[in-house]
2 protein chains.
Amino acid sequence: MKTDPDDIEIQEPFARSMATASRMWRRHLDLRFRDLDLSQARWNVLFELSRNEEVTQIELAHRLGIEAATLVRLLDGLEGAGLIERRPSATDRRAKTLHLTEVASPLIVRMKKISATSRAEILEGISLEDLRIATKVLSGIAARLEVLNNGQNG
Amino acid sequence: MKTDPDDIEIQEPFARSMATASRMWRRHLDLRFRDLDLSQARWNVLFELSRNEEVTQIELAHRLGIEAATLVRLLDGLEGAGLIERRPSATDRRAKTLHLTEVASPLIVRMKKISATSRAEILEGISLEDLRIATKVLSGIAARLEVLNNGQNG
DNA sequence: CCATATTAATTAGCTCTACAACTATTGGCA
DNA sequence: TGCCAATAGTTGTAGAGCTAATTAATATGG
């Protein structure tokens with residue numbers, strides 16, 4: 001499998017700018033959410049739950065693209081803050097289903113606004129077409145890495 | 001500053017796929033580097049040093065886009081492994097300059113190969129043009145976030 | 001129907017990252 | 001010149017992510 005010299009020139013900067021942009025983006029949102037005593041990671045959990053409640057932890061972890069063990073701590077925090085509830089699953093006594101509390105609802109509305117405003121601010125000036133292409137590239141990479149990473153263990 | 005409804009539809013998936021792709025990419029490289037007792041973060045330090053030795057920690061941190069405090073721990077590990085050296089700066093007694101050891105050289109060659117192979121494997125099938133656009137988008141975002149994040153404190 | 005493998009959630013322990021606070025040194029300016 | 005700001009490096013602490021191992025429950029195969 002030969003690789004073009006041209007490819008090499010572009011691949012390294014791509015990987016680097018992706019890592020940097022991603023780290024800075026998270027930091028940016030963490031700063032924005034600090035007043036609300038929340039982080040970007042916890043916000044993602046709430047957001048995903050607001051789109052799809054009553055899922056199990058495994059399922060939610062998969063949707064978020066993180067490990068179940070990572071999710072456990074995030075849920076501990078959110079449960080402690082009274083924003084979510086774990087309830088025993090009706091069909092599987094090992095599993096728990098996740099639910100937003102009434103306290104969470106107004107918070108989620110606020111966070112969605114902050115989140116959308118930040119995104120627009122960050123992405124301002126980037127053409128829709130470029131953004132579509134970048135999204136296609138990134139989600140393609142994620143899909144490919146899912147295969148590659150899982151192909152190693154099982 | 002009004003935002004198009006169209007924009008909103010695409011901005012959220014973009015942010016999500018960037019975060020996911022970035023996390024999975026790091027994990028992938030960490031797995032690849034595990035045999036060498038190194039991580040992606042440490043590899044980045046070595047790689048940047050191999051392009052530009054004799055820099056100070058502050059300067060290196062800036063090139064890597066990470067905080068100086070973060071770099072300190074990475075350098076501790078690399079120094080402990082005998083891969084780098086901190087030497088007092090000749091011109092500023094506060095500062096230290098960084099240098100690769102002879103032990104590091106062959107390792108860096110191997111890591112460059114692993115790194116390039118992985119990148120090619122992950123990015124295979126993505127057109128050069130799309131990759132260029134994605135890189136442009138991502139580095140633009142990083143630059144914008146640099147301004148936005150620093151505009152907050154100083 | 002029972003033994004074994006698999007799965008859901010958790011805990012323990014690690015790395016990387018960030019912020020805040022601290023020390024030592026430098027640089028600017030009055 | 002001498003005092004105060006700023007800067008380089010460090011340490012402490014905390015969050016987010018990972019792997020590995022544990023526990024309880026479910027599925028499967030003989």
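Predicted, not measured: the structure shown is a model, and the values here were computed from it. Only this structure's heavy atoms are used, side chains among them; waters, hydrogens and symmetry mates stay out. Letters go in sequence order (proteins before strands), and every chain restarts at 1.
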**Message:** Can you tell me whether the side chain of R94(B) and the base of dT7(D) have a donor-acceptor pair closer than 3.5 Å?
**Reply:** yes

**Prompt:** For atom NE2 of H99(A), is the number of surrounding heavy atoms from other residues, nucleotides or ligands below 6.0 Å larger than 12?
**Reply:**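 Atom NE2 in H99(A) is crowded, with more than 12 foreign heavy atoms closer than 6.0 Å.
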
**Message:** Using heavy-atom distances to pick each residue's nearest nucleotide on DNA chain D, tell me which of L74(A) and D92(A) is more 5'.
**Reply:**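 Final value for this comparison: L74(A).
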
**Request:** Name the residue closer to the 5' end of DNA chain D, choosing between A69(A) and L38(A) according to the nucleotide with the nearest heavy atom.
**Result:** L38(A)

**Request:** Using a 4.0 Å heavy-atom cut-off across all strands, classify D30(B) as base, sugar-phosphate, or nothing.
**Result:** nothing

**Item:** Nearest-nucleotide pick for R23(A), side chain only, options being dT10(C), dA18(C), dA12(C)
**Value:**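 In terms of side-chain proximity for R23(A), the closest of dT10(C), dA18(C), dA12(C) is dA18(C).
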
**Nearest-neighbour nucleotide for the S39(A) side chain, dT11(C), dC18(D), dA16(D) considered** =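 Of dT11(C), dC18(D), dA16(D), dA16(D) is nearest to the side chain of S39(A).
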
**Request:** Give a yes or no on whether the backbone of L100(B) and the side-chain of E53(B) come within a donor-acceptor separation of less than 3.5 Å.
**Result:** yes

**Short side-chain to backbone donor-acceptor contact, R23(B) and G65(A), under 3.5 Å** = yes

When the distance from [atom1] of [X] to [atom2] of [N] is rounded to whole Å, what number comes out?
X      : N       : atom1 : atom2 : value
I66(A) : dT19(D) : CD1   : C1'   : 15 Å
R34(A) : dC19(C) : CZ    : P     : 7 Å
R93(A) : dA27(D) : CZ    : C1'   : 14 Å

